[in-house]
Amino acid sequence: MSPMARTAPVPAATDPAIIRNFCIIAHIDHGKSTLADRMLQFTGVVQARDMKAQYLDRMDIERERGITIKSQAVRMPWEVDNTAYALNMIDTPGHVDFTYEVSRSLAACEGAVLLVDAAQGIEAQTLANLYLAMENDLTIIPVLNKIDLPAAQPEKYAEELANLIGGDPEEVLKVSGKTGVGVEALLDRIVRDIPNPVGDANAPARAMIFDSVYDTYRGVVTYVRVVDGQLTPRERIQMMSTKASHELLEIGVSSPEPVPSKGLGVGEVGYLITGVKDVRQSKVGDTVTNLARPATESLGGYQDPKPMVFSGLYPLDGTDYPNLREALDKLKLNDAALVYEPETSAALGFGFRVGFLGLLHLEIVRERLEREFNLDLISTAPNVVYEVTLEDKSVATVTNPSEFPSGKINEVREPMVAATILAPNEFVGAIMELCQGRRGQMRGMDYLSEDRVEMRYWIPLAEIVFDFFDQLKSKTRGYASLDWKADGEQVADLVKVDILLQGEQVDAFSAITHRDKAYAYGVMMTSKLRELIPRQQFEVPIQAAIGSRIIARENIRAIRKDVLAKCYGGDITRKRKLLEKQKEGKKRMKMVGRVEVPQEAFIAALTTDESKDKAKK
Amino acid sequence: MPGALPLGDPAPADGLLPPQVLDGVGSRHFGLYVHIPFCAVRCGYCDFNTYTAKELGGGASQDAYAETAVAEVDFAARALEASGLPPRRISTVFFGGGTPTLLPAEDLARILGAAVGHWGLEPGAEVTTEANPDSVTPESLQLLAEAGFTRVSFGMQSAVPHVLKVLDRTHSPERVPQAVQWAREAGLDVSLDLIYGTPGESMDDWRTSLETALSYGPDHISAYALIVEDGTKLAAQMRRGEVPGIDDDDHAAKYELADELITAAGLAWYEVSNWSRTPEHACRHNLAYWRGDDWWGIGPGSHSHVGGVRWWNVKHPVAYANRLAAGESPAAGRETLDAGTREMERIMLEARLGSGLEVDALDAVGRHAVAGLIADGLVEPAAAFKGRLVLTLKGRLLADAVVRRLLPE
């Protein structure tokens, strides 16, 4: 048993030899945050009485969903063999939408704790992140968590982990974040197994940004890992990708509240404050150097975040449009991946076309807009980005189905992803059926253990943004897990299906689908709308069309009677009040041509039954 | 269970009206509605304020009701005078219910007599009572005519026994021609009320009812789509699935048939649910409701309107009688309409009339909507060009939708 460190190493004056930088790779629900909390407590950086459950997850939504969106870094002292070490725990996002952020967090570490639920085994996203860590040459410490659970099968899953990383099942640590069992041994292992960082203390400063967070009071707080040289307060620093320079107002470490220091040296992890207000000026993956003595080469690996999924966001109440703009502007300060531009829909009015990293990102942004900014929103069905080449060889990038070119089209390219699915082998058939139905091509299949398989598919992104995960879960009784990453594009026979109400195209309902699925979409949408739109004073045909060709049609018969038979002396007040109510109701109608469509119809038509859960992977 | 009263402002105990009711009083007719809150049985579809017990107690009992109603007539005369309204003779009186003819004709005559004593009748005034075909005799009708009644409106509803049964109507269909004949002999104009769209009523049933009613040669017909009000026995039966629900398309088809047959018989529509043999046979009392005239409603639950002030009496006959016995207004609540609300009511009510609505009196939104209404076949083009907005047959069936399009945004 190691005691709590009696004296903690001082930032800016810490020998790299006593620094250990590590992260925890885990699937949501596998107990990462609880374990992290326990480490904070055992190392003494957080007193038991200050402990909030899941201390590191700051945002309400994160705490509610039990997931980590933004990573943080905490410096913890720990003593082994009478030497006090500085352990930097870099928290990583656990979700597929944030793969890039994960990769930057991994790049800041020398080692990773692979944390797996002893009752569930490894999940697809964890496996993907593990592979990423191994590619980065990180030292992996395999750990089974929740060994206190009655359903835990530590032997079985220790075997699985050992197979994956090529070790001995005996080396797999068994802990319980809940009771604290094994946590001290894990801290010891981190010190013993993970290599210390190496860098040139005399070289020009180079530090990699692995996270960037907007704080209302302090502006952007940037988390860095120093590779070479030293960063000190009041000096001027430069961002190597943009060449922008800022004064370092404050520098320090989190433990876990920010503690200013005299600087950060080789191998150290901490935060910077420069007074900038927008996380775009402090981009994840960028290299920070000293303006007066700049490094010549950046650390590399920087990428601009690329939105993969788009959706139109519209305020239910049109007068909320300026509020939505303001809210997006504020969210953007803290979310470098959020892109949006104004968009007008004939059906939904003024709104924004918003780009997201993935479906979870979409759900989180939408929820934050509704919760933190009190907005009621309609969002259109999510779609991907298409490259459309016309016959004249000009190329259009389509992020909104209603902008799909109507002229002669040479070819349409759609983004593809490499998907990995882990599941018990009894579901292989069901998964193959699902993936083939979604135009997926199998790329390979391996047994992880006796009864668990890893299946790899190349599949259009468009096919997985809509209810794929729910289908996968329901076909495998919840056992399958999914991971994907962007992987090129393909030419496909894609068409735009328009929905017309009384001959008027309703832009919000246009969709780009594979030709073989166009009819099904048309039938589904027209019959759904027939149920949702009330009868009007005239007949309303609802059609689905590809170009000028009608592929499905429904009819809403004209209403024939809308009159109160009796209206005598005693009825007048009541009748007038009813009329006033109907007039109010009319204000909540959206006009499509002459057709009055209740907002509820739009919401219901654009909402799939599973949309609330589909992002909760 | 009778339907609920509207929510409104408190009404003063002395029944005094604000000075605004004096504006334009000279151009408004004055009428009287008298509610008789008794029936022999309650019909399954009825949500009117009516009671089947003979002995509600005190001034609310059937025997004492005439005296209680006269007390309100006296109260009305005092309150109108005290409010500064000039004396006006009565243009129209309408006894409704309930079943007014459940009271002895002498009682109805006495209430009418009290009103005439206060205000007098205009020459040619219209005095109507509703009646059940089986609650009149040649003698009672004769007596009413002698007391000043000019018109009787029979609740015929249907000529088809199985339809009458669903409606809980107790009269036998053969009784109707007899009652009409007696009314004719007493010198009274005759109106027949019909109801269509009763669960189980076929198109042929409805045709039978219309043809039968027309064969009696009435001066006036009212035909109402059945409205199933919450709280009625019929609503409960529908909820339990014991009778089929209401189908608006069926209602529409039956309205069209009604208009076709009634018009072919020589009557013309003058309001969405009303047809008359000549314009003079239109129910002037009801027209007064739709044209914003003044009337005082006597009886529990009755509504009144004087110069933009509407009020309504307490519902229960006992509470009503107690108020009057204490010398207080029986009003439960009232509302004072502002100019915008009066305009809205005017459009809502006049659009239902055969004489139509003056196009020039509409605001810009309303005037702008007229062209669209013509294009949709809801409004008569010829009348519109002459400045009147008159509904077509299709427009009458969609009158509420038309009104919504005419109202200011």
Side-chain angles (χ1 to χ4, degrees), chain A residues 316-319 349 501-504 530-542 554-601, chain B residues 3-8 31 33 35 48-49 94 96 195-197 222-227 248-253 255-256 271-273 285-286 288-290 295 297 301-305 310 312 335 337 341 344-345 348-349 352 372 376 378 394 396-404 407 409:
Chain A
L316 265 189
D317 177 353
T319 60
L501 272 189
Q502 229 207 1
E504 293 260 351
R530 190 174 66 94
E531 296 304 315
L532 292 168
I533 297 174
R535 292 169 71 181
Q536 315 272 316
Q537 289 164 38
F538 37 84
E539 183 179 279
V540 179
I542 310 171
E554 294 273 0
N555 246 347
I556 303 175
R557 285 180 306 139
I559 191 168
R560 290 182 60 197
K561 178 183 173 243
D562 183 0
V563 60
L564 195 66
K566 281 191 178 194
C567 189
Y568 295 112
D571 304 317
I572 295 171
T573 300
R574 188 162 73 142
K575 169 96 171 95
R576 190 193 72 234
K577 290 189 170 172
L578 182 69
L579 199 58
E580 281 164 355
K581 232 169 96 181
Q582 289 172 336
K583 256 180 63 180
E584 274 309 299
K586 199 172 162 183
K587 284 186 191 154
R588 288 180 53 83
M589 295 279 184
K590 299 267 187 190
M591 299 301 294
V592 175
R594 296 186 55 217
V595 183
E596 288 179 359
V597 183
Q599 253 162 358
E600 295 72 32
Chain B
L5 288 173
L7 289 172
Y33 171 77
H35 187 69
F48 293 165
N49 191 29
F94 195 102
I195 290 180
Y196 58 88
S222 300
Y224 306 113
L226 178 70
I227 301 172
D248 280 347
D249 289 355
D250 173 63
H251 278 190
Y255 181 84
E256 285 166 359
E271 194 264 352
V272 169
S273 301
H285 184 81
N286 287 340
Y289 293 148
W290 300 320
W295 76 88
S302 287
H303 286 243
S304 302
H305 170 256
R310 295 191 185 282
W312 42 89
E335 58 179 0
L337 310 174
T341 311
M344 180 175 177
E345 286 192 350
M348 170 181 106
L349 297 170
R352 296 172 69 92
D376 289 344
L378 301 173
K394 185 180 170 194
R396 277 181 264 156
L397 276 165
L398 296 171
D400 290 359
V402 170
V403 167
R404 288 195 295 274
L407 289 177
E409 297 281 299

> Who are the side chain to side chain donor-acceptor pair (under 3.5 Å) partners of B/E335, not counting sequence neighbours?
Replying inline: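 In terms of side chain to side chain donor-acceptor pair (under 3.5 Å), with neighbours along the sequence ignored, B/E335 is linked to A/T573, A/R576.
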
Out of curiosity, [X] [atom1] to [Y] [atom2], how far, rounded to the nearest 0.5 Å?
{"X": "B/I227", "Y": "A/L564", "atom1": "CD1", "atom2": "CG", "result": "4.5 Å"}
{"X": "A/K566", "Y": "B/N286", "atom1": "NZ", "atom2": "CG", "result": "10.0 Å"}
{"X": "B/M348", "Y": "A/L579", "atom1": "CE", "atom2": "CG", "result": "6.5 Å"}
{"X": "B/R404", "Y": "A/E580", "atom1": "CZ", "atom2": "CD", "result": "13.5 Å"}
{"X": "B/T341", "Y": "A/K577", "atom1": "OG1", "atom2": "NZ", "result": "10.0 Å"}
{"X": "B/L398", "Y": "A/F538", "atom1": "CG", "atom2": "CZ", "result": "11.0 Å"}

At their closest point, which heavy atom of [X] faces which heavy atom of [Y], and how far apart are they?
{"X": "B/A252", "Y": "A/R560", "result": "CB-CB, 3.6 Å"}
{"X": "A/A565", "Y": "B/A225", "result": "CB-N, 3.6 Å"}
{"X": "B/A401", "Y": "A/Q537", "result": "CB-NE2, 3.0 Å"}
{"X": "B/Y289", "Y": "A/I572", "result": "O-CD1, 3.9 Å"}

Chain A contacts, top residue of [options] (heavy-atom pairs, under 4.5 Å):
{"options": "B/R352, B/H251, B/E271", "result": "B/R352"}
{"options": "B/V272, B/V402, B/L407", "result": "B/L407"}
{"options": "B/H285, B/E256, B/H35, B/E345", "result": "B/E345"}

Part of [X] within contact of chain A (heavy atom distance under 4.5 Å):
{"X": "B/A288", "value": "neither"}
{"X": "B/R310", "value": "side chain"}
{"X": "B/L226", "value": "neither"}
{"X": "B/D376", "value": "side chain"}
{"X": "B/Y33", "value": "neither"}

>> With a 4.0 Å cut-off on N to O distance, would you call A/R535 and B/D248 a salt bridge?
In response: no

> Would you call B/D250 and A/K561 a salt bridge, taking side-chain N to carboxylate O under 4.0 Å as the test?
Replying inline: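 Answer for the salt bridge query: no.
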
> For A/L578, is it the side chain, the backbone, both, or neither that has a heavy atom closer than 4.5 Å to a heavy atom of chain B?
Replying inline: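 The answer is neither part of A/L578.
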
> Under 4.5 Å between any side-chain heavy atoms of A/V563 and B/R396, yes or no?
Replying inline: no

> Please, which pairs that meet ring pair (Phe, Tyr, Trp, His ring centres under 6.0 Å) have at least one residue in residues 559-599 of chain A, sequence neighbours excluded?
Replying inline: A/Y568-B/W290

